[in-house]
Amino acid sequence: MTAGPASGPPPFPVGGASSTTSWTTRALSRTPPRNRTDETLTISDERPTTGLWNDPALPASVRARALLDTMTRAEKVAQLGSTWPGHDESGDVAPMQDTFRGAESFDEAIVDGLGHLTRVFGTAPVDPEAGRKRLAEFQERVTAANRFGIPAIAHEECLTGFTAWQATVYPTPLAWAATFNPALVHRMAAAIGSDMAAVGIHQGLSPVVDVVRDYRWGRVEETLGEDPYLVSELGLSYVQGLQSAGVVATLKHFAGYSASRAARNHAPAAVGPRELADLILVPFEKAVVKGRVGSVMNAYNDIDGVPCGASEELLTRLLRESWGFEGTVVSDYWAIAFLASLHHVAADIPGAARAALRAGIDVELPHTTAYGEPLLDDGISAELVDRAVLRVLTQKAELGLLDPDWKPGQYTDPADFDSARNRSVARELAEESVVLLDNSSDLLPLAGARSVAVIGPTADDVRCLFGCYSFPNHVLPHHPDTPLGVGAPTVLDAFRREFPDAEIRHETGCQVIGDDRSGIAAAVAAAAAADVTVLVVGDRSGMFGHGSSGEGCDVSVLTLPGVQDELVKAVLDAANQAVLVVLSGRPYAIGRHARRAGATVQAFFPGEEGAAAIAGVLSGRINPSGRLPVQIPGDEAGQPGTYLAPPLALKSDGVSNIDPTPAFPFGHGLSYTTFEIESASVDEAVVSVDATITLRASVSNTGERAGTCVPQLYLTDPVASVTRPVRQLIAFTRVDLAAGETRVVEFEVHTDMAGFTGRDLRRRVEPGDLTLTVARSAGDRGIPVQVTLQGDERIVDSTRTMTTPVRVLPG
């Protein structure tokens, strides 16, 4: 496709403003506050100041403006800060926590009010009921400390479930992505939100919608994969699910965090404006425009020398003026102070506060460092302070926190953070996320094995099932005497339950990290003596170097951690038959091992129900349906790229001796039955540049048992004004098929889905030829269909179509 003339570029890709309909949440039931006096709290009998802001019948924006106009400068500034009670109990759970030194006490922090309360449940192990009472007491103290009785917004982490003791540990987001199931992600997020809302939490710091650009980055496990369409569809579902429970979702990390140089945490983003627009920003834009997300968190990194936390282009002109975002922007933890201490774009903390406020950060988390005393200075624009405070107060009004009948501790149902409902959803996610990479020898499902050797460092370690932001891995390492809080069998436990008649021997072989090889000989002996060996290797997630995956646990190469590659080679040499199971937070270059194993399975931290899901796949009780949200890199992938790439970034004979071809491509996954895509056609092969293309394809189960096919629709733009990916995902669905059954999948593709950012940094749809391919993965030839777009080039903005509806019809 070709483009028209270019004009001078704006600083960031832009589009039209979206609808101005305000995001609202359902109000929770509330009763009037109690006045009481005890040894920890003194509340005056004097009623708080009241006014129009207390009238629930008025629009939230009107109530917030009325309250703002009555507040002093100190009362306004108090709404932009936060405090983290009990932070000294938390251990090493956030970057550079020594920033806490000199933090205000709780009583000092709440003078004149408070914007946010940080992680009352997620800081240390606390019983759900005790945590609920503790939060209520904190809120009573907050409301008593300001003359309007305004409570704080209480926020928590919720990346793999509510990050609280005794709460369900769901699979990590990379595992959600492997399900290719937005509806299931919505159910999970709604369950998480209902648990949080039931104990007084108002905001969750999820989802992470960073698009993976380098698998070596430690936080790959927290993402939804390497494709912006998959990330945006699942991220939107999470936002809508969480907010359906009345809890504000928070998009992270805006923007470019996952595109850091050499995959180093916090490093500058190595990203150009078109890559930023067409890959990195897509999930954020969809969640803002279509999901009406309530909050956005800035990224730590800089883009082309401008830290995201000080970028007016990102946080104001793009996010608000172009996309129409109306919620609050919260800082990542200590990101404002980092503008001075790490980025050096401010001379001191007051300078950092000015830069962040001007850029568009409304609330400082996790405690007030910069948004306190410095914002009281007359040199700080009163208009900028009012702008941020109005956003915070509007959100509090939407949450019901300004209603006259609100009170803390109004919740009566017993808190159950690991309910049967939760575990059922966690089980479904885990089962649908397991990916069968290879079964060329038909070793799986296992049947009739009398002796089995279960080998490897991740086989009998329950924390190898969890991501870095799960409570067991995030907080409990600092409380070693506290029990796990949830029931979670290890893979070894689950295997014994799945195969009760087999003689099972377990050997660790080596540790996840480290160079101790002393256990390899015993592992080799066990493998040689067994009918079948199940070799379970991979990661144990942690924080800042305390794990092989997770925040701050970046790697330079994609070999298995420690000496696990040596273990795998030695065991495969000795085993009679072997299944390789990789239990990890990122994809590793395991292609050479997969070629030697009888079967290979990939699971991305599948949570507390994950071990049973893996065992069920190995036994055949579960027919695997997971698909790769990230490629499994090839043997030479020291500096890998994702599948979204123009021709010269892929294998180029005669150009480079390095072959970036993956061992297993994006979207790949096998089943214990077989599927065929038998035909594909469009209603019209020639359409205008502003039209909907109806494409239908027949998919059949050609095997002998029921299974789930995941047809994927890819777009190819053969000739364009800028280089384009060879293939790009624009639709997908899951189709359950009985043995021998055929169904028709119908894709409604609007031509907006062919849009991209041109040389002038405006998104356009160009006339010309396109290829639409229905395939089983990005590496599958599939069935291509040619379409021609006619007419003049069309400029599109944030009002464009962003999703391809898919229907499954009878065959």
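Y469 and E221 share no donor-acceptor pair across their side chains, judged by distance under 3.5 Å alone. Side chains of S671 and N623: a donor on one and an acceptor on the other come within 3.5 Å. E432 and S625 share no side-chain donor-acceptor pair at under 3.5 Å. For the residue pair T172 and E222, no side-chain donor N or O sits within less than 3.5 Å of a side-chain acceptor on the partner. For T771 and T716, the side-chain atoms include no donor-acceptor pair closer than 3.5 Å. In the model, S194 has a side-chain atom that pairs as donor or acceptor with a side-chain atom of R421 under 3.5 Å.
Listed by chain and number, the residues in a salt bridge (Lys or Arg N to Asp or Glu O under 4.0 Å) with D442 amount to none (sequence neighbours excluded). Annotation: side chain to side chain contact (heavy atoms under 4.5 Å, CB included) contacts of V808 (sequence neighbours excluded): T733, V735, R743. For R627, there are no salt bridge (Lys or Arg N to Asp or Glu O under 4.0 Å) partners at least two apart in sequence or on another chain. For A178, the side chain to side chain contact (heavy atoms under 4.5 Å, CB included) criterion is met by S433, V435, P629, not counting sequence neighbours. Partners of R187 according to the side chain to side chain contact (heavy atoms under 4.5 Å, CB included) rule, which considers only residues two or more places apart in sequence or in another chain, are L184, V425, E428. Partners of T702 by side-chain hydrogen bond (donor to acceptor under 3.5 Å, both in side chains), not counting sequence neighbours, listed by chain and number: T674. Remark: L236 engages Q240, K286, K290 in a side chain to side chain contact (heavy atoms under 4.5 Å, CB included) (not counting sequence neighbours).
Ring centroids of F284 and F254 are separated by less than 6.0 Å, placing the two rings close together. Annotation: W176 is in aromatic contact with Y238 [ring centroid separation under 6.0 Å].
For the pair N701 and G707, the tightest heavy-atom approach, listed with the atom from each and the gap, is ND2-N, 3.7 Å. Closest heavy-atom contact between I783 and A680: CG2-CB, 3.6 Å. Looking at every heavy atom in both residues, P606 comes nearest to A430 through O-CB, 3.6 Å. Among all heavy-atom pairs drawn from V282 and D278, the shortest one is CG2-O, 3.3 Å.
Distance alone, capped at 3.5 Å, is enough to place a donor-acceptor pair between the E741 side chain and the A738 backbone. Checking side-chain atoms of D539 against main-chain N and O of S584 turns up no donor-acceptor pair under 3.5 Å. In this structure a side-chain-to-backbone donor-acceptor pair under 3.5 Å is missing from T708 to R734. A distance-only check finds no donor-acceptor pair linking the side chain of S237 to the backbone of H186 [under 3.5 Å].
The side-chain heavy atoms of L789 and V687, taken from C-beta on, include a pair separated by under 4.5 Å. V749 has its side chain within reach of L713: a pair of non-hydrogen atoms, C-beta onward, lies under 4.5 Å apart. Residues P662 and I632 have side chains not in contact (no heavy-atom distance under 4.5 Å, counting atoms from C-beta outward). Inter-residue side-chain proximity for V211 and P283 is flagged as met; some heavy-atom pair is nearer than 4.5 Å.
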task: I would like to know whether D752 and R794 meet salt bridge (charged side-chain N to carboxylate O under 4.0 Å, His left out); could you show each step before the answer?
output: CA-CA 9 Å; D752 285 355; R794 186 165 61 92; 2.5 Å; yes
task: Report the C-alpha distance between F466 and F605 in whole Å, list the side-chain angles of each, state the deciding distance to 0.1 Å, and finish with yes or no for ring-ring contact (aromatic ring centres under 6.0 Å, His included).
output: CA-CA 5 Å; F466 306 146; F605 294 146; 8.8 Å; no
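Each of I622, V581, V601, T179 was evaluated against V434; a single residue qualifies, V601, per the side chain to side chain contact (heavy atoms under 4.5 Å, CB included) test.
Pairs engaging residues 585-601 under the salt bridge (Lys or Arg N to Asp or Glu O under 4.0 Å) rule: D565-R592, D573-R596, R595-D635 [sequence neighbours left out]. Sorted by first and then second residue, the pairs that involve residues 667-718 and meet ring-ring contact (aromatic ring centres under 6.0 Å, His included), not counting sequence neighbours, are F664-H668. Evaluation of the salt bridge (Lys or Arg N to Asp or Glu O under 4.0 Å) test over residues 605-620, restricted to residues two or more places apart or in two chains, returns R423-E608, R423-E609, R427-E609. Among residue pairs with one or both ends in residues 663-680, none qualify as salt bridge (Lys or Arg N to Asp or Glu O under 4.0 Å); sequence neighbours excluded. Applying the salt bridge (Lys or Arg N to Asp or Glu O under 4.0 Å) test to pairs two or more places apart or on separate chains, those with a residue in residues 798-810 are E285-R800, E746-R807.
Salt bridge present: R696 and D683 bring a charged side-chain N and a carboxylate O closer than 4.0 Å. A salt bridge does not link E226 to R213: none of the charged side-chain nitrogens sits closer than 4.0 Å to a carboxylate oxygen.
In this pair, W217 and Y257 present their aromatic rings perpendicular. The plane angle is above 60°, beyond the 30 to 60° band.
No more than 12 heavy atoms of other residues, nucleotides or ligands sit less than 6.0 Å from atom CD1 of I658. Taking a 6.0 Å sphere around CG of L648, one finds it holds 12 or fewer heavy atoms contributed by other residues, nucleotides or ligands. The environment of D690 atom CG is dense: over 12 non-hydrogen atoms of other residues, nucleotides or ligands sit within 6.0 angstrom.
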